[in-house]
Amino acid sequence: VQLQAYGGGLVQAGGSLRLSCAASGLTFGSYNMAWFRRAPGKEREFVAAIVASGGITYNSDSVKGRFTISRDNANDIVYLQMNSLKPEDTAVYYCAARWGLIKRRAEYDYWGQGTQVTVSS
């Protein structure tokens, strides 16, 4: 199983980025997917999740109204659209796959390698 996250970069505060995570080696449409992030010196933090069908999404309070998770089950990709970025959003962002109920804890079966997002003030 491989989860390859990409799309990170350097952006000014108030800007936007879209992260993508391409999955292979698993039945993508059967897995719930999530994005987590880890800022320097902090614990890994739940950002957003989406159920296998794409019909239900969850967001952390810190990104609600700014970030949107979505998925394309035909192409095995999950996205994270990030708008109105703030310096405190700076972190390495990871995608993750879970067979079973969505968790806000890092109890996922598979993880991507992470992509760096840096927001300058």
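Computed from heavy atoms alone, side chains included, the values below leave out hydrogens, waters and symmetry copies.
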*Measuring from R71:CZ to I50:CD1, what's the distance to the nearest 0.5 Å?*
6.0 Å
*Output the distance between atom CG (D76) and atom CD (Q4), rounded to the nearest 0.5 Å.*
13.5 Å
*Quick one: does NZ or CZ of R44 land under 6.0 Å from the six-membered ring centre of Y94, within 45 degrees of the ring axis?*
yes
*If you round to the nearest 0.5 Å, how far is OG of S20 from CG of N75?*
11.0 Å
*Please check if the side chain of R66 supplies one atom and the backbone of S84 the other of a donor-acceptor pair under 3.5 Å.*
yes
*asked:* How about NZ on K42, more than 12 heavy atoms from neighbouring residues, nucleotides or ligands closer than 6.0 Å, or not?
replied: no
*asked:* Quick check against the 3.5 Å criterion: does T27 have a side-chain atom that pairs as donor or acceptor with the backbone of G29?
replied: no
_What verdict does the side-chain contact (heavy atoms from CB on, under 4.5 Å) test give for L3 and M33, after you've listed the backbone C-alpha separation in whole Å, the side-chain angles of each residue and the deciding distance to 0.1 Å?_
CA-CA 11 Å; L3 300 177; M33 299 297 295; 4.2 Å; yes
_Over 12 non-hydrogen atoms of neighbours within 6.0 angstrom of CD in E107_ = yes
_Distance in Å, Q81 CD paired with Y79 OH, rounded so as to fall on 0.5 Å steps_ = 11.0 Å
*Step through the shown structure and confirm whether more than 12 heavy atoms of other residues, nucleotides or ligands are within 6.0 Å of CD on Q113.*
yes
*Between Y110 and Y31, what is the ring plane arrangement, given parallel below 30°, perpendicular above 60°, and tilted in between?*
tilted
_Among T90, V117, V63, exactly one meets side chain to side chain contact (heavy atoms under 4.5 Å, CB included) together with R37. Which residue is that?_
V63
*Given L80 and F67, is the side-chain contact (heavy atoms from CB on, under 4.5 Å) satisfied, shown in steps?*
CA-CA 7 Å; L80 185 68; F67 291 10; 4.1 Å; yes
_Spacing of SG belonging to C95 relative to OH belonging to Y6, to within rounding of 0.5 Å_ = 10.0 Å
*Should L26 and W35 be counted in the same cluster of Ile, Leu, Val, Met, Phe, Trp and Tyr side chains packed under 4.5 Å apart?*
yes
*asked:* Any heavy-atom pair between the side chains of Y93 and M82 that's under 4.5 Å?
replied: yes
*Are D89 and K86 ion-paired here, with the side-chain N under 4.0 Å from a carboxylate O?*
no
_As an exercise, state the distance from OG of S62 to CD of E88, rounded to the nearest 0.5 Å._
9.0 Å
*Would L19 and T115 count as a side-chain contact (heavy atoms from CB on, under 4.5 Å) if you check the C-alpha gap in whole Å, the side-chain angles of each, and the deciding distance to 0.1 Å?*
CA-CA 8 Å; L19 305 184; T115 184; 4.0 Å; yes
*Is there a chain of hydrophobic side chains (I, L, V, M, F, W, Y, each step under 4.5 Å between heavy atoms) that links F36 to V51?*
yes
*asked:* Using every non-hydrogen atom in the two residues, find where Q116 and V92 come nearest and quote the distance to one decimal.
replied: OE1-CG2, 3.2 Å
_So L85 and L17, do their side chains get closer than 4.5 Å, heavy atoms only?_
yes
_D72 side chain vs V78 backbone, donor-acceptor pair below 3.5 Å_ = no
*Do the side chains of I102 and Y108 get nearer than 4.5 Å, heavy atoms only?*
yes
*Where do F46 and Y58 land on the side-chain contact (heavy atoms from CB on, under 4.5 Å) test, with the steps shown first?*
CA-CA 10 Å; F46 170 82; Y58 304 85; 4.1 Å; yes
